[in-house]
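The next block holds one structure in the form of structure tokens; read it before the comments.
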Amino acid sequence: MTFDPAARQKWVPPADSPIGKRGLRPKDGHDKATGEAMYVQDISLPRMLYAKFLRSPYSQADIKNMDTSKAAKLPGVIDILRYDDPDIKDIKRAGSDPAPGSYTIYGLPGTADHYNHPMGVIVTAESEEICDEALRLIDIEWEEKQFYVEPEESMKSGAADIWYNTLPYPRPPGGNIIRDDQIAYGDTAKALETSYKVIQARIKREETTPAGVEPQCCVAYYKKDGYLDLWIKCQPTNAATEMAGLGLVDFVKVTTRVPYQGGWFGGISWLHWNNLFIYVATVVAKRVEGRPVKLIYDESNFYNMGDEYGIFEFKIGVSENGKINGVEGTMIGCREPMNKLYKTSNIKNILSKRIWPFVNRNNYCCFRHGVCECTAIDTVTNYVAAELNMDPTEVCLINDGSNGDDWETIKQWRIDNGWQNPEVRSMEEVLRIGKAAIDWDNKWHQPGTLKLPNGKMHGLGFTHCYVWHGVANTNRGAGLSYSGGVAYIRGQFSDIGVNAASARAATVAAESGLRYDDVTCRHFESELQRYAHSQPGGSLGTESNTPQMVLMARELKKWILQQAVTEAPGRPGAPPTPAAFPGKKVNELDIKDSYVFEISNPTNKKHINEVTKTSTYHVDASADLVPDHAVPYKYYMCKQAAFIEVEVDTDTGHVDIVNTAIVNDVGTVISPEGVEGQQYGGGTMALGKSLTEEIIRDPQTGVALNANLLGYGIFTMADLDKPIDCHQVETRGGNNAYGVTGIGESLGCLLAALTNAAIYNATGKWVNHIPTTPVRVLKALGKG
Amino acid sequence: MSEEIKKIPRTISRREFLRDAGIVVGGTAVGSAFFLSACGEEVEVTKTVTTTAPGSTVTTTAPGATSIVTKTAADNTVTVTKYTCPVDGLEFDSLEALKAHYDEVHDGVASESSDNLINLTVNGITHQLYVKPNHSLRDVLRNEFGLTSIKDMCVGHGACGSCSVIVNGRPILSCMTLAIECSGADIQTVEGIAAANHPLIEAYIKHFCMQCGYCTPGFIVTAKALLDHNQNPSEAEIRDALSGNLCRCATYQKHPLAILEVAGKL
């Protein structure tokens, strides 16, 4: 069964309900504030063993010989798993995002493809200390190979092959270039030819890393008869399904638990480290059957790479009035950079090119991916404004639209399809609010023209995008159960801190009439993975799951009301129990705050416990109840914008961010505090990517020199002069239920190049090398 | 902060026993011997060689055994060598016997010498335990006490603040502090703060100061330490005090709200 998403878009949240209400207690608040929240790192089981990887000291090298005998003799060492052991040598996973099917990743390779690559051997021992000591006792003869940390070197004709055990042979054309492809909309060449002006820009982005908080780990307990218990740190929760498909486990014998997750922000490595890591943990656990094993990769949070690393080149064809006729955008890196510009604009001619060479840096990792695309929008908008001496917010509005259509076309479509608030233009609302928040109209000036009394140069930066959606498929299997006056949302998902449990509970409470406090979310376990919420588990996942919550809650409400008017059969030999509302019909009743009441006489009310007594109810988000989206989204109509105000010290190159305003149209706000958290949280992370975050490598060895929180500059409490000013707009313009969209990923990307535009406005010079560190600012000013 | 480690007296030594029993010992040489425990640890033990005067009586005891009294011959000396267990002070006639005892009784709890026996008052309860000299306070609190609120985001570099605990009233980084330095200390973790129903807990929940939650206990500990010393902090003082706690989710702007509320300013 399929359906048109516009039908769900029309749903309106019940009035005076928990949806959109501030002050609801977060469902995970107590656990996290008291220290009771358990993460995979905290799991400790009787007789638990620890397992650790060897990590490569080289950027590209093979193991020629390895002697583990001394390690094996160390007291406390239980098992040593070598890369060439039959148990592990064929454990691999086909890579997916962002180049499906193009490469193969091995769980324990004998080749190192980057410094600190977990490979070669895994030691299992009684303690972490013994693991570490055993790893030091392993003698390895390495064969070092040529490596490249710069894409220009890796791409050169005649360059040595790197990542050679990952890319299948024969190698794709270009040796180390894994993808050379493009997506074309319209006729960009012609658009550029016929434009008033063609503007060119080139931006380089350096390597970032999640600097995530909880290292990658997995507890696997393989018991006799093949039963396996897992505690996983992973955003998708479907490892058991995959492993069963590979014959590693019997699916029915696996219990997967997903404790709280410590800050991973997606973490779906393009090497799919997450699930592959779980495969490896399972293999290790099988070898020590009968004792649980915690497999740890200590520094994983610094050895994954954001997918925005690369070089961007743009050719932008414009008319005199700021209308963009066509854009050719190329990324030397892993993403096609232009698809979000297409989705958020009326630009009909876009050529999005990707040339993706391997480099001997870390595995690519999606942690809030979309920075590439937001960099493109930021650069295109601000370069056009600069070249034409225009206000960039005007350039944005002139080119506002979606999928190549302009606002008028979109508006008509919305009217024709019964969209909520069809004539409300999201970008206008967002710009109006954001500009007022930062006092844009009074403060914006031509570039390099405002020197402050403190000697610094004042600048404003602006960027925009649409607020993107979660996955369309919504009938992943959640469930709702009810007993004793409490509704339990069943369905496993990875709680990464977006307040998802509260948002789901608010939706169920709103639609069922129960109090928010009477709805709970049980997401850590699911028998046989029967119930798994839509992935990923962030706010996009929350958005995707909204239809499930709505439809299941409505079924629960129907059941409760039916119970209220139905006589319940008594025990054998006993008389039936009268209905709670005898003589009434279902449509004469309603539920609010966990009370069933008579609509025409609200004082006639009874608590749901009195109504349902000992009866229980279960409903699944089946394909019948929650049909899939079949129709692709026509437009992306909820927009967002970010504004920053900076002061640039032209003697030191230092940039102070003195004011930040973020405006997001999320369609409908379910949890205001949850949305806000993603705004300032994602915004801060993105500003860090723009200003301070960079992995620095020794060009001689490829070693990451600052892969730790001392040297890698994530923002601290001291780094923003003022809190980020967050504004939420609700146009009901999203494509999903209630018109919602997601938010968390968007914000982590939107501001990730914004200091470049702000510094330009302050100084009249483009830095074009991100992060825009003081050295680079000085160089742009001709002082470095 | 460091205090001299409180030494708990071992069981009475043989020398002391003999002295008190009025036995005249002819001469004693005390040295060291070493063996490798089953855990791979090199263990140093006291080796005592006692040469008795002719005609004196030497009493030899073994763990759990009845005293054996050896009388010397009138004109002979007897040399008795004893090896003393560094953990419980028991004496053995051979290094092999001591090693067997050590591996059986103390294996896995190495270095249980009196030097490594410390007292810690954790969340109001005083404990006595043996710690390895190289173990951090963080390791001990997590592994021995099960206080998993104490996290590690920075791989023990002292960079993140998520391992913060209050020791004798000061917030410290437990990953950078040796447990053995803390004997006699009064330690508070977020579990204790929560058990005492400190208003910071509710304030943090109310103001949504957490997202993934991994860093939250460290922040609350630091905040509590601040309020213990300064009940009327300004926002600038709060930000300064908390600037050593890192949050990758970037919840920063909410923490001052919670702390100011508890401080009574909101």
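In what follows, chains are A, B, ... by sequence order, proteins preceding strands, each numbered from 1. Fair warning: this is a prediction, and the values are worked out from it, not measured in the lab.
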Interface moiety of [X] toward chain B, non-hydrogen atoms closer than 4.5 Å:
X         : answer
Asp31(A)  : neither
Pro210(A) : backbone
Glu36(A)  : neither
Ala211(A) : both
Leu24(A)  : backbone
Glu676(A) : side chain

Got a sec, which residues hit side-chain hydrogen bond (donor to acceptor under 3.5 Å, both in side chains) with [X], two or more places apart in sequence or on another chain?
X         : answer
Asp42(A)  : Arg142(B), Lys151(B)
Thr34(A)  : none
Ser671(A) : Asn499(A)

Flag the pair [X] and [Y] as a salt bridge only when some basic side-chain nitrogen lies within less than 4.0 angstrom of an acidic carboxylate oxygen.
X         : Y         : result
Arg136(A) : Asp132(A) : no
Glu214(A) : Arg248(B) : no
Lys32(A)  : Asp495(A) : yes
Lys294(A) : Glu128(A) : no

Side chain to side chain, [X] and [Y], heavy atoms closer than 4.5 Å:
X         : Y         : answer
Tyr297(A) : Arg55(A)  : yes
Pro233(B) : Leu227(B) : yes
Leu120(B) : Gln128(B) : no
Met176(B) : Ser136(B) : no

Open item on the list: Taking the six-membered ring of Tyr680(A) as reference, does the cationic atom of Lys722(A) (NZ for Lys, CZ for Arg) lie under 6.0 Å from its centre and within 45° of its axis?
Closed with: no

Open item on the list: Heavy-atom pairs under 4.5 Å with chain A: which of Gly244(B), Ala250(B), Cys209(B) has the most?
Closed with: Ala250(B)

Task: Partner chain A: residue of Gln253(B), His157(B), Lys206(B), Lys254(B) with the largest heavy-atom pair count (under 4.5 Å) - done: Gln253(B)

TODO: Anything in residues 188-200 of chain B with a heavy-atom distance to chain A below 4.5 Å? Please list those residues in order.
DONE: Val190(B), Glu191(B), Ala194(B)

- [ ] With a 4.5 angstrom heavy-atom cut-off, could you sort out which part of Asn143(B) is near chain A: side chain, backbone, both or neither?
- [x] neither

Task: chain A contact via Leu246(B) - side chain, backbone, both or neither, heavy atoms under 4.5 Å - done: side chain

Highest number of heavy-atom pairs under 4.5 Å with chain B: which of [options]?
options                                   : value
Glu126(A), Glu129(A), Met38(A), Gln261(A) : Glu129(A)
Phe302(A), Tyr260(A), Tyr39(A)            : Tyr39(A)
Pro26(A), Ser127(A), Gly76(A), Gly262(A)  : Pro26(A)
Gly682(A), Gly35(A), Ser44(A), Gly23(A)   : Gly35(A)

- [ ] Measure from the ring center of Phe35(B) to the ring center of Tyr102(B) and say whether it is less than 6.0 Å.
- [x] yes

